[in-house]
Amino acid sequence: MAKKDVVEQVLSHYSGSIPQHVGIIMDGNGRWAQQKGMPRVYGHKKGVDSVREAVRFARKVGVKSLTLFAFSSENWKRPEDEVSGLMELFMLVLTREVNTLHKNNVKLKIVGDISAFSDKIQQKVASAHELTDSNTGLTLNVAANYGGRWDIVNAAKSIANDVQSGKLDPNSIDEALLGDRMSLAEQPELDLLIRTGGESRVSNFLLWQLAYAELHFTPIYWPDFDQLSFAQAIEAFAGTERRFGLTGEQVQRNEF
Ligand code: IPE
Ligand code: IPE
Ligand code: MG
């Protein structure tokens, strides 16, 4: 696929196979910077440009939800200067980008345990949620201090509270109910998970939600991930037969 007009090409070839919900583990910022002899935080800063591009691309091709892994619950263990650099960047992005997202009808949701962030960040998050809450275009979920296990534990706690107070019969607990208590409830099922940076692992991202997602691993470092790279992931997704446990013949006969 030529670099030019990637969006048009994706739309003309794969308009019937655009994933509704894409998750991205944006990995490789540190190595990208180190390769250039720069500090790791420089890679995180450049990564913000790739986020902008990914959002632009997702909007244009009609992805409904885009979920970006920005900071994991394990990333606090990094050196102090890197963590504080990431916090400053998070604050800057929340200050600078939210109005543009709002103008573009994007609904922004920060998912994760935000109580661990500074008051300033928490206030920015609250006002960004309020401002963009009724937007009807792309839903952009930014996972910050997020962990897939945390998400499941949270859902379990909320159900346990309802059982304890008599609001809920334990026999009525099923997959749909558990799913409804998790961070991305009410959004389409995760169709495609992309991880940049060359590792083939999930690193505690959307554990529950990726049950039937297609997985796309690319060696490209996140700061180099552009619209063409995103288009290639869509191309691979479009070329896969999703069987959801059925046989290939059943899927071809549309028996689901
Ligand atoms: C991902 O890039 C961004 C965050 C975890 C915040 P890394 O910082 O993990 O980059 P590498 O994997 O060390 O290259
Ligand atoms: C996953 O990347 C988290 C984010 C991209 C925010 P990591 O770089 O933290 O994952 P590991 O340490 O390689 O598993
Ligand atoms: Mg990494």
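Counting convention: from 1, in listed order, for ligands and their atoms alike.
- Linking ILVMFWY residues whenever their side-chain heavy atoms come closer than 4.5 Å, directly or via other members, places V55 and L192 in the same cluster.
- The minimum heavy-atom distance between A231 and V6, with the atom names listed, is CB-CG1, 3.7 Å.
- Contact record, I24 with L193: N-CD1, 4.5 Å, taken as the closest heavy-atom pair.
- No heavy atom of K77 sits closer than 4.0 Å to any atom of ligand 2.
- Residue contact check: M26 has heavy atoms under 4.0 Å from atoms 5 (C) of ligand 2.
- Considering only heavy atoms from C-beta on, T67 stays 4.5 Å or farther from V22 through its side chain.
- Contact of the K109 side chain with the Q187 side chain is registered, since non-hydrogen atoms from C-beta on lie closer than 4.5 Å.
- Close contacts of ligand 1 with G30, meaning ligand atoms under 4.0 Å from a residue heavy atom, involve 7 (P), 8 (O), 10 (O), 11 (P), 14 (O).
- When each atom of ligand 1 is checked for a heavy atom of R78 under 4.0 Å away, the hits are 5 (C), 7 (P), 8 (O), 9 (O).
- Under 4.0 angstrom from ligand 1, there are no non-hydrogen atoms of E199.
- The distance from atom CG of N141 to atom CD of Q209, rounded to the nearest 0.5 Å, is 10.0 Å.
- Considering every non-hydrogen atom in both V7 and Q227, the closest pair reads CG2-OE1, 3.4 Å.
- Residue contacts with ligand 1 for S72 are absent, since no atom lies close enough (heavy atoms, distance under 4.0 Å).
- Of all the heavy atoms of F71, the ones lying under 4.0 Å from any atom of ligand 2 belong exclusively to the backbone.
- Considering only heavy atoms from C-beta on, H44 comes within 4.5 Å of E82 through its side chain.
- For the ligand labelled ligand 2, residue R31 lies outside the 4.0 Å heavy-atom shell.
- The two residues G23 and L190 come nearest to each other via the heavy atoms N-CD1, 3.4 Å.
- For ligand 1, the polar-atom distance check finds no N/O of W32 at less than 3.5 Å from any of the ligand's N/O atoms.
- For the Mg ion (ligand 3), protein N, O or S atoms closer than 2.8 Å were enumerated as D27 OD1, with waters left out.
- Heavy-atom minimum distance, L94 versus V98: O-CG2, 3.0 Å.
- Using a 4.0 Å cut-off between charged side-chain N and carboxylate O, D191 and R242 make a salt bridge.
- Ranking the protein heavy atoms by distance from atom 12 (O) of ligand 2 puts R201 NH2, 4.5 Å first.
- Proximity of H44 to ligand 1, defined as any heavy-atom pair under 4.0 Å, is confined to the side chain (atoms from C-beta onward).
- Counting protein heavy atoms only, atom 13 (O) of ligand 1 is closest to R40 NH2, 2.8 Å.
- I110 and L92 are not part of a single hydrophobic cluster, where members link through side-chain heavy atoms under 4.5 Å apart.
- Of the listed options I25, V202, T196, I25 places a heavy atom closest to atom 1 (C) of ligand 2.
- At least one heavy atom of G28 sits under 4.0 Å from some atom of ligand 1.
- Taking all atoms of both residues into account, the shortest heavy-atom contact from N29 to G47 is OD1-CA, 4.4 Å.
- Protein heavy atom at the shortest distance from atom 9 (O) of ligand 2 is N75 ND2, 2.9 Å.
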Would you sort out whether D224 and W32 count as a side chain to side chain donor-acceptor pair (under 3.5 Å), showing the intermediate values? CA-CA 8 Å; D224 288 331; W32 181 89; 3.1 Å; yes
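- For atom 11 (P) of ligand 2, the nearest protein heavy atom (residue, atom name, distance) is S203 OG, 3.6 Å.
- Of the protein's heavy atoms, A70 O, 3.3 Å lies nearest to atom 6 (C) of ligand 1.
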